Amino acid sequence: MSTQNEADHHPDGATVHGTTDPIQILDADGTVLSNAEVPDLSDDDLVSMYEDIKLARQFDQRAISLQRQGRIATYAPMTGQEGAQVATGYALDRQDWLLPTYREHAAKYVHGMKLSALLKPLCGLREGYAIPDGVTVMPEYIPIATQIPQATGMAWGEQLQGQTDTAVLCHFGDGATSEGDFHEGLNFAGVFDVPAVFVCNNNQWAISVPREHQTASETIAQKGAAYGIEGVRVDGLDPLAVYAVTHAALQKAKNPADGERRPTLIEAVQYRYGAHTTADDPSTYREEDEAEDWREKDPLDRMRNFLTNEGLLDDDLEAEIDDRIEAQLTDAIESVEGATTHPTTMFDHVYDELPDRLREQQDELESLRKKYGDDAFHEVLE
Amino acid sequence: MSTQNEADHHPDGATVHGTTDPIQILDADGTVLSNAEVPDLSDDDLVSMYEDIKLARQFDQRAISLQRQGRIATYAPMTGQEGAQVATGYALDRQDWLLPTYREHAAKYVHGMKLSALLKPLCGLREGYAIPDGVTVMPEYIPIATQIPQATGMAWGEQLQGQTDTAVLCHFGDGATSEGDFHEGLNFAGVFDVPAVFVCNNNQWAISVPREHQTASETIAQKGAAYGIEGVRVDGLDPLAVYAVTHAALQKAKNPADGERRPTLIEAVQYRYGAHTTADDPSTYREEDEAEDWREKDPLDRMRNFLTNEGLLDDDLEAEIDDRIEAQLTDAIESVEGATTHPTTMFDHVYDELPDRLREQQDELESLRKKYGDDAFHEVLE
Amino acid sequence: MSSTGSDEAATPEEESREGVSQVETETETATATTTETMNLVEAVRNALHTEMARDEHVVVLGEDVAENGGVFRATEGLLESFGDERVVDTPLAESGIVGTAIGLAMTDMRPVAEMQFMGFAYPAFDQLVSHAARMRSRSHGQYTVPMVVRAPYGGGIRAPEHHSESKEAFFVHEPGLKVVVPSTPADAKGLLIASIRDPDPVVFLEPKLVYRAFREDVPTNAYETPLGKAAVKREGSDVTVYTWGAMVHPTLIAADNVADEDGIDVEVVDLRTLSPLDVETVVDSFEKTGRAVVVHEAPKTAGLGAEIAATIQEEALLHQEAPITRVAGYDVPMPLHELEDYYLPQALRIQEGIRETVSF
Amino acid sequence: MSSTGSDEAATPEEESREGVSQVETETETATATTTETMNLVEAVRNALHTEMARDEHVVVLGEDVAENGGVFRATEGLLESFGDERVVDTPLAESGIVGTAIGLAMTDMRPVAEMQFMGFAYPAFDQLVSHAARMRSRSHGQYTVPMVVRAPYGGGIRAPEHHSESKEAFFVHEPGLKVVVPSTPADAKGLLIASIRDPDPVVFLEPKLVYRAFREDVPTNAYETPLGKAAVKREGSDVTVYTWGAMVHPTLIAADNVADEDGIDVEVVDLRTLSPLDVETVVDSFEKTGRAVVVHEAPKTAGLGAEIAATIQEEALLHQEAPITRVAGYDVPMPLHELEDYYLPQALRIQEGIRETVSF
Ligand SMILES: Cc1ncc(C[n+]2csc(CCOP(=O)(O)OP(=O)(O)O)c2C)c(N)n1
Ligand SMILES: Cc1ncc(C[n+]2csc(CCOP(=O)(O)OP(=O)(O)O)c2C)c(N)n1
Ligand SMILES: [Mg+2]
Ligand SMILES: [Mg+2]
């Protein structure tokens with residue numbers, strides 16, 4: 001176990017992998033590159049990775065349409081980014097921690113959250129972010145970059161308790177790299193040499209602000225040098241490359257080689273095909289056709305071609321997968337729609353024990369509901 | 001004038017000068033290094049730079065002794081760091097802005113503050129941080145690193161107003177580089193390409209925390225790469241080298257060559273010979289003899305030897321300088337000691353106009369003073 | 001200052017500032033000749049446009065304010081009119097935004113910085129309370145921070161977590177800051193113009209629930225609605241309700257309802273400036289009615305309702321006929337949207353508060 | 001958890017926690033056999049030592065807390081006793097400190113993070129209010145943040161700017177946080193132990209003015225002084241003074257003085273926990289005396305005095321015989337030290353407040 005005294009700066013830690021081209025395993029067509037090695041995943045895993053990417057894409061479309069129909073609230077789409085989300089998820093062991101943002105729906109699903117649980121916050125349910133026992137996922141982080149120092153702290157905590165089989169994986173966007181919390185979290189990670197993997201989903205945009213206005217640094221990976229930690233750039237639309245890079249980083253976190261440092265900053269270079277959220281209109285700030293170049297490297301298409309080339313996927317299996325996805329989505333939506341929460345549950349879990357003043361407020365709300373009924377709260381009185 | 005659209009990342013900006021040895025002009029004895037060039041300063045300037053360094057060292061000793069006698073409050077000594085402070089000050093043009101911390105007494109003095117003004121906050125006077133007209137110094141910054149985004153903003157403001165002859169110089173310590181505000185301020189500086197020079201006085205310690213526990217980055221200069229701005233390491237005990245590097249950075253800020261970027265991060269490598277402040281006892285966290293290596297490169301000694309070698313300094317001049325310094329210090333101390341402030345001045349300058357509630361509070365204080373006298377406020381009643 | 005994207009001829013700043021402030025004093029009366037129908041967010045935009053055209057030192061900065069025109073469209077069109085030196089998309093960093101805005105203000109610019117939501121202003125808290133608030137005092141009047149930090153605030157729009165904050169009390173507790181909250185389009189314009197011209201730092205909170213709720217006639221000229229002055233929105237003799245921002249509207253509805261149903265005559269005071277507080281108007285109204293309710297979205301405990309109640313009993317206890325009731329957000333984190341109607345004060349709860357206070 | 005520098009045999013956490021809390025209930029009575037004379041900062045140190053020895057999940061982190069033992073020596077000796085995995089000097093970054101402490105707490109550690117001075121906690125404000133306070137609620141009880149953030153607070157020690165802050169109201173306004181302020185060595189130890197064991201995040205403010213002001217007998221065993229309970233420090237029948245932290249001492253002096261000089265019988269209530277507030281004790285005392293003064297260092301406007309006054313008139317108006325007076329810091333930035341005696345409430349101003357309130 002490392003102590004703070006071992007956190008001396010380490011020359012290798014400053015190696016800037018950032019300026020190199022992103023690591024790829026599949027070319028844009030899904031063919032394995034000649035100099036690349038397919039990660040050690042079973043055929044089943046490779047196929048189910050594909051299925052999850054496909055599920056994610058379908059989930060996205062369904063969520064957008066539910067939002068348009070007013071059945072759920074603002075939704076942050078992930079199309080184009082599912083490959084990176086699913087691949088990082090596959091790289092995790094069950095006990096590893098995942099810290100997602102509002103966009104990592106697929107990563108959460110892969111790491112153990114039910115589809116219905118992804119929909120609950122969108123339905124506005126009080127228990128929207130509830131986490132089931134045994135699932136090591138954090139409630140999604142909405143204030144940008146705030147998860148980063150927490151990820152460092154969680155990794156540190158596991159390390160202090162000798163949980164050498166447990167690492168922490170923290171997602172964030174390119175915009176997040178500008179926040180002070182990115183800096184403080186990564187600097188602590190470098191100093192305390194904690195088992196954490198920081199995945200920057202560089203989707204080129206922070207709402208309307210393009211990557212090149214976010215920072216004058218050439219790459220995001222090179223920012224690792226400022227913290228003495230390794231920075232790696234990977235093609236974020238290549239699920240196999242993302243898997244390989246994340247897997248290696250997690251292994252290193254748990255069991256670094258001599259002189260190697262635990263934390264890694266991964267820049268997964270990708271693109272947000274759609275809007276920032278359903279409340280956003282990208283046409284005000286970017287050209288429609290910007291997406292075209294990226295779509296040619298689409299993660300779903302590449303995985304499909306890869307699996308077909310490998311003889312692991314055919315039309316029958318594809319149809320089977322589609323049916324399963326459809327059934328899962330329908331189930332999930334049905335299970336949350338119409339769900340309601342008792343109003344006074346807002347007083348639950350504020351503190352371990354309800355303080356007197358909160359109990360009075362809870363009673364007051366109950367008595368108002370009894371007196372006037374629930375409709376009175378929703379009436380917009382004019 | 002640059003606009004945000006020109007703030008694209010620039011490959012050169014990412015050049016890491018950081019890993020190189022610190023730039024020197026004088027060797028440890030004060031001899032000009034064979035490959036070095038003495039900056040273009042007049043003989044008078046060189047001598048008065050020496051005088052100011054000497055003044056700074058004397059001021060330090062006097063302030064420490066005043067504090068011991070209870071005549072001033074907590075003081076942050078600068079011995080060992082005066083060379084860098086004075087040299088950066090000499091590199092500034094009159095109109096350039098200086099943002100000092102609690103330790104940059106000499107830098108403030110060189111840029112136009114009176115010695116007496118340096119003592120006022122230490123005497124606890126209400127107007128302690130008052131800045132005279134025409135002096136472009138900011139009240140010292142106490143919350144660590146908060147000056148950095150402000151420096152960026154000031155440089156940006158000058159730039160927007162076409163003040164191409166005005167740059168901003170911002171001091172901070174090695175500890176400050178860990179704060180989010182360092183990151184945000186430098187990132188903005190890179191993106192908006194503002195005429196600012198960021199001087200990290202890396203004195204190896206942030207109170208009791210040594211540089212190598214502050215960050216796992218090998219150097220602080222290399223952190224510039226994360227913002228696409230140039231990082232330079234300089235021997236902070238070599239006044240001529242600090243002058244040359246700062247002067248070049250300021251010139252670049254005001255008038256960059258083609259493709260060059262305005263902001264610079266300077267890491268001035270130095271050492272705090274004494275305590276963090278008069279309230280600090282360094283023997284609890286570091287070895288006394290650690291200072292020895294650094295004292296061998298002492299800025300005052302090096303400048304003395306340099307000037308003597310150049311035939312610019314002899315014993316007569318040295319005595320003259322000592323007399324002047326003594327007189328100045330005595331004057332300054334006399335002029336502030338015994339000074340008092342009217343209690344209700346605490347209500348001045350809170351807002352442009354005194355709000356009613358503050359006026360009432362001011363009146364209340366006045367009537368209490370009338371009723372009970374000032375002594376009653378200072379009595380520790382038991 | 002270099003030429004800008006604006007095609008309005010810019011008169012030298014000092015002159016125009018004086019000129020305008022002469023006009024302004026008349027404005028609130030009947031001098032304004034032309035008006036235009038606007039909702040609150042349009043009025044904000046109009047104020048920004050007006051001041052940017054008048055004073056080329058005014059710059060707008062923040063996340064997504066330029067190309068995108070702001071996530072609520074409050075800065076739409078400014079980039080086209082004033083160019084990318086004066087309407088600036090920044091990196092995603094609130095302390096950086098407020099810190100650089102302080103720096104801009106120090107060098108005679110008049111920055112208007114946007115925090116995308118009030119709940120995302122906390123990373124800038126240190127710059128606001130430790131520096132913006134104290135620069136004048138620290139420098140003994142030599143330096144000032146004529147900056148405005150705008151932030152949409154409040155709940156009721158089914159927004160995700162952290163998007164519905166209403167923590168105005170945090171800023172009111174820091175001497176040196178001014179805190180302003182409009183409730184109508186006309187006030188939004190006049191108060192924002194006054195805030196931009198104000199020599200001190202202003203936290204300007206915009207009730208996003210009513211950004212588009214209604215329109216009213218707003219004078220097209222540059223006018224100031226003075227800071228530090230509350231507005232009596234409804235006269236009454238039985239009880240005063242003090243409120244601000246989005247809560248003014250359900251309060252007015254509640255006032256009408258209790259008038260109809262219970263014959264209670266409610267006075268409604270819209271505070272408009274929360275710091276410095278218009279103690280005079282607060283106390284005058286209370287001395288008339290002798291009963292008060294304070295309505296705010298923020299959690300009850302240590303919210304601004306406490307300050308108002310404490311002030312009233314300090315200044316006018318002998319007029320007090322009933323406990324001052326606080327109808328406020330509960331002391332819990334704002335729940336996800338399904339329950340926000342239960343969390344926020346609604347006309348229902350305000351009526352109940354009024355009735356209780358009057359029947360005491 | 002790996003072995004640590006501590007040589008105390010560590011029993012499994014849950015067991016020892018239960019064991020101790022049984023002892024503790026008796027502690028405040030007469031069971032404590034041994035005591036030691038300590039000042040407040042020694043009591044803080046003793047509490048940290050006690051809890052670190054008892055529960056190996058307790059870690060201390062912050063700027064200069066390890067090698068240097070803290071700038072006020074509050075953590076002195078801990079490094080030697082518990083090693084550098086449990087007593088950790090961090091980089092200089094408050095959001096990083098509180099953010100990692102939240103992470104540590106999420107993984108079953110019990111972090112005690114130090115902010116070197118309260119005025120330097122603002123960079124961590126977002127982590128405190130947006131996350132520490134809400135983790136339990138957001139995760140619907142699945143995750144909790146059993147973290148303590150300690151900070152020396154308050155003025156009167158001739159400290160430089162920003163070193164004398166007393167902005168407890170900022171934290172009280174955020175549901176989910178607890179805010180605790182001891183005024184004596186014995187309370188400091190008992191409250192800090194209770195805070196460390198508390199399953200919710202606690203902001204623990206230490207009145208540095210009285211760190212070394214006086215000593216008293218402090219039990220050497222591990223005991224809890226329960227959170228959420230105010231202490232009546234002096235019984236009286238004419239007027240109640242509510243206060244906390246460093247202001248308790250001038251308040252007690254003022255109480256004695258007005259007793260001697262004016263025959264006024266003052267009750268003094270030390271709130272100890274500012275959030276959640278012990279409304280019951282506050283109201284009970286007021287119902288007895290009918291008059292109240294609140295004393296705090298923080299600026300008057302929107303300070304906690306407002307909440308106490310508002311609460312009292314809400315709950316006990318019919319007992320109220322005079323306005324509740326707030327004797328507080330003025331609404332200005334804390335001046336440099338020459339004037340701090342004028343800024344801070346002193347016995348002088350407290351006496352004046354008491355006399356005014358009683359003679360109303
Ligand atoms: C502290 C904070 N500031 C502002 C926002 C508003 N906001 C939400 S998402 C977003 C852009 C984030 O961009 P990026 O980090 O690149 O992630 P992406 O959305 O592209 O996945 C902004 C500004 C926020 N949520 N938190
Ligand atoms: C935000 C903040 N946190 C903590 C402190 C307390 N503090 C004062 S000086 C100091 C160390 C600063 O170290 P460094 O930046 O290296 O500057 P130096 O004092 O060595 O010149 C600390 C922690 C502070 N002033 N501000
Ligand atoms: Mg992005
Ligand atoms: Mg230092």
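Just so we're clear, the structure is a prediction, and the values are computed from it rather than from any experiment. Throughout, a chain's letter reflects where its sequence line sits, starting with A, and its residues are numbered from 1.
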Practice prompt. Heavy-atom distances under 4.5 Å only: say whether E360(A) touches chain D with side chain, backbone, both or neither.
Written response: side chain
Item to complete: Side chain from CB out, backbone as N, CA, C, O: work out which of these in P121(A) comes under 4.5 Å of a heavy atom of chain D, or both, or neither.
Response: neither
Worksheet item: If you count the non-hydrogen atoms of other residues, nucleotides and ligands that lie under 6.0 Å from CD in E353(A), is the total more than 12?
Response: no
Worksheet item: Are there more than 12 heavy atoms of other residues, nucleotides or ligands under 6.0 Å from atom CD of Q95(A)?
Response: yes
Is any side-chain heavy atom of [Y] closer than 4.5 Å to one of [X]?
| X | Y | value |
| --- | --- | --- |
| S137(D) | Y129(A) | no |
| Q161(A) | T107(D) | yes |
| D181(A) | Q127(D) | yes |
| T100(D) | F192(A) | no |
| Y141(A) | H131(D) | yes |
| M154(A) | L104(D) | no |

Worksheet item: Ion pair present between R357(A) and E315(D), side-chain N to carboxylate O less than 4.0 angstrom?
Response: no
Worksheet item: Distance-only, no hydrogens or angles: does the R138(D) side chain make a donor-acceptor pair with backbone N or O of E140(A) under 3.5 Å?
Response: yes
Item to complete: Kindly say whether Y351(A) contributes a backbone atom to a donor-acceptor pair with the side chain of D200(D) at under 3.5 angstrom?
Response: no
Fill in: chain D contacts, top residue of T166(A), L358(A), D356(A), T146(A) (heavy-atom pairs, under 4.5 Å)
T146(A)
Discussion item. Just so I understand: if I count every heavy-atom pair under 4.5 Å between each of R126(A), E127(A), M346(A) and chain D, which residue has the most?
Written reply: R126(A)
With only heavy atoms counted, which part of [X] is less than 4.5 Å from chain A, the side chain, the backbone, both or neither?
| X | value |
| --- | --- |
| L61(D) | side chain |
| T273(D) | neither |
| P91(D) | both |

